[in-house]
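Naming: A, B, ... by sequence-line order, numbering from 1 per chain. In this text the structure is predicted, and so the values were computed from the model without any measurement.
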Amino acid sequence: VTKHEGSAVASSADAREITDALARQGYCLPSERARAVAEATADLAGAARGLEDGLPFTADLFGFATLLAAWRNRP
Amino acid sequence: LTSAELAAMSAGSLALAISRGELSAGEAVRAAIARAEAANPYLNAVVSIDAEDALAAAKAIDGRRGGASRPLAGVPLAHKDMFDRVGKIASWGAGIRNDRPARRNATVIDRLHRAGAVGFAALHMAEFAYGMTGHNYHLGHCRNPHNPDHITGGSSSGPAAAVAAGLTPFSLGSDTGGSLRMPAVCCGIVGLRPTWGLVSRAGAMPLASSLDTIGPLARDVADIALALSLLAGADPADATAAAPAADYPAALTMPVKGMRIGTDRALLSAIDPYVGGLIDAALSALKEAGATEVAVAAPELSRIDRLGRIVLLAEASAVHAAWMRRRPGDYSAQVRARLEDGLAISAVDYIQALRARAGESEAVLAGPLAAADALLLPVLDRPVPTIAETDVGGGTAMAAMLGSLARFTRPVSYLGLPALALPTGKDGRGLPNGFQLVGRPYGEPALLALGAAYQRVVGVPKPVMPSVSGGGF
């Protein structure tokens, strides 16, 4: 699925790729819905891409649980 | 005690009256059932009433009088219809549901039962808890007791309407992106989203497990503290629930003099001015109670919200993947559209959003929540909208509407922080509004102390009697 650099604008090519990608997973979307999904997710993909340079290499998806654990015993 | 007097009592005071023999559990449960039956034509807040089981449980409690009293012995309660209860099938507010009755209770239900509570009804909710307004095309829309043309907020729509109308002193709901705080504010009551992981989710319907929390709604902050004292704590059935409970009722009398409430005036001035004025008045009450306002810079909520949406959409779509393949037509248009959005989130984007979470939370803890004990944020940036004006279905207006409604709640969920939603005064149309106090991880005692002090100044909301055309119940 094509991702955008912070852009919320999706092209018809993106919609086609969304349709194809979902079809490979077993989901059928009409083209107008695929276009809407492409628009909705392009903005979010931009947010994720925007993180890539700033995230420390060591950041992992368990870091949040570790952070909370550290706060458990604080007075 | 009259029916209206019973409806206005907190869970704590009901339990005390029952333990003293001023009221039997049977009388309390019968009154609760009668009130729910009378109110439901106006509110559509109740999905089902379990009169037989509830009366049997009450009878057993009345037969055990004189034994060690339990904190909720004989208190009738009703909760969002998303928790496993032995022998029952929860509706999850949906047209699709589990097809087998639960074989064990959800941990939170079990903990309340052990405290002596009597469950008497299951309450309305947004379909699969995936909606912020209280619309539901399977169950019918839930109605705000203050004005039935207006939304209750969601997804914990039934619990909020039922608590506001005095059908139950407190009620359990869930909050993934604001589902406790939004209905609390729309219905003029109190709601607590606990720190992620403080309360077990075992046996509760999942929406997005990295964000899901279970918490109470009540009119009285004291009932929030009582409920949390029974609900919080480690649970072997939920690996994320590993934190010990604190003495939450003791927090109600903690002095708040000198506690710092962080406000970002630029952010507050950007919301509807009338709602801003209501929040200003609430802040004045908090200051009258002894708290101090300090200026802080709120985090960049729109960016954090987008990260939270990635997590929410992807996880919800994973939960529903099989049904979305086999039964897409059994979802309402709005829920199906959101689940379709989630199917298109890439695994890498989802993991990046999770990798960033600790850093985003640390930044808030080192910034505004280092300068303040709690951060004050709006919940809803406008007066409570009507059911009609938020009835946008699954079309292009949906994302904009949901995004604007949830812009102050979803980021807090992503940060994993506790938040106490409190009601303001009412607006010119007689509708409530509210705000949230966001705390540090496991900072619920500080939030409860502030909430209790606030209610000592402004009072505890009274039950609202819904009425149509001058009628009522």
Select, from [options], the one with the greatest count of heavy-atom pairs under 4.5 Å involving chain A.
| options | result |
| --- | --- |
| B/Leu343, B/Leu365, B/Leu354 | B/Leu343 |
| B/Gly443, B/Ala243, B/Ala246 | B/Ala243 |
| B/Pro445, B/Ala353, B/Gly359, B/Ala356 | B/Ala356 |
| B/Ser210, B/Pro244, B/Pro441 | B/Pro441 |

Would you confirm whether [X], through its side chain, and [Y], through its main-chain N or O, come within 3.5 Å as a donor-acceptor pair?
| X | Y | value |
| --- | --- | --- |
| B/Arg325 | A/Gln25 | yes |
| B/Asp175 | B/Thr213 | no |
| B/Gln334 | B/Gly131 | no |

Could you look at [X] and say if it's the side chain, the backbone, both or neither that has a heavy atom under 4.5 Å from chain B?
| X | answer |
| --- | --- |
| A/Leu44 | both |
| A/Leu22 | side chain |
| A/Leu67 | side chain |

query = Among side-chain atoms of B/Ser209 and B/Arg201, is any donor-acceptor pair under 3.5 angstrom?
reply = no
query = Who passes salt bridge (Lys or Arg N to Asp or Glu O under 4.0 Å) against B/Glu315, sequence neighbours left out?
reply = none
request  = Go through the atoms of B/Ala242 and report whether side chain, backbone, both or neither lie under 4.5 Å from a heavy atom of chain A.
outcome  =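 Both backbone and side chain.
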inquiry  = Is B/Leu415 close to chain A through its backbone or its side chain, or both, or neither, when contacts mean heavy atoms under 4.5 Å?
reply    =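 For B/Leu415, the contact with chain A is made by the backbone alone.
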query = What is the ring orientation for B/Tyr331 with B/Phe128, classed by angle as parallel under 30°, tilted 30 to 60°, or perpendicular over 60°?
reply = tilted
query = Would B/Arg336 and B/Asp330 pass as an ion pair if we require N to O under 4.0 Å?
reply = no
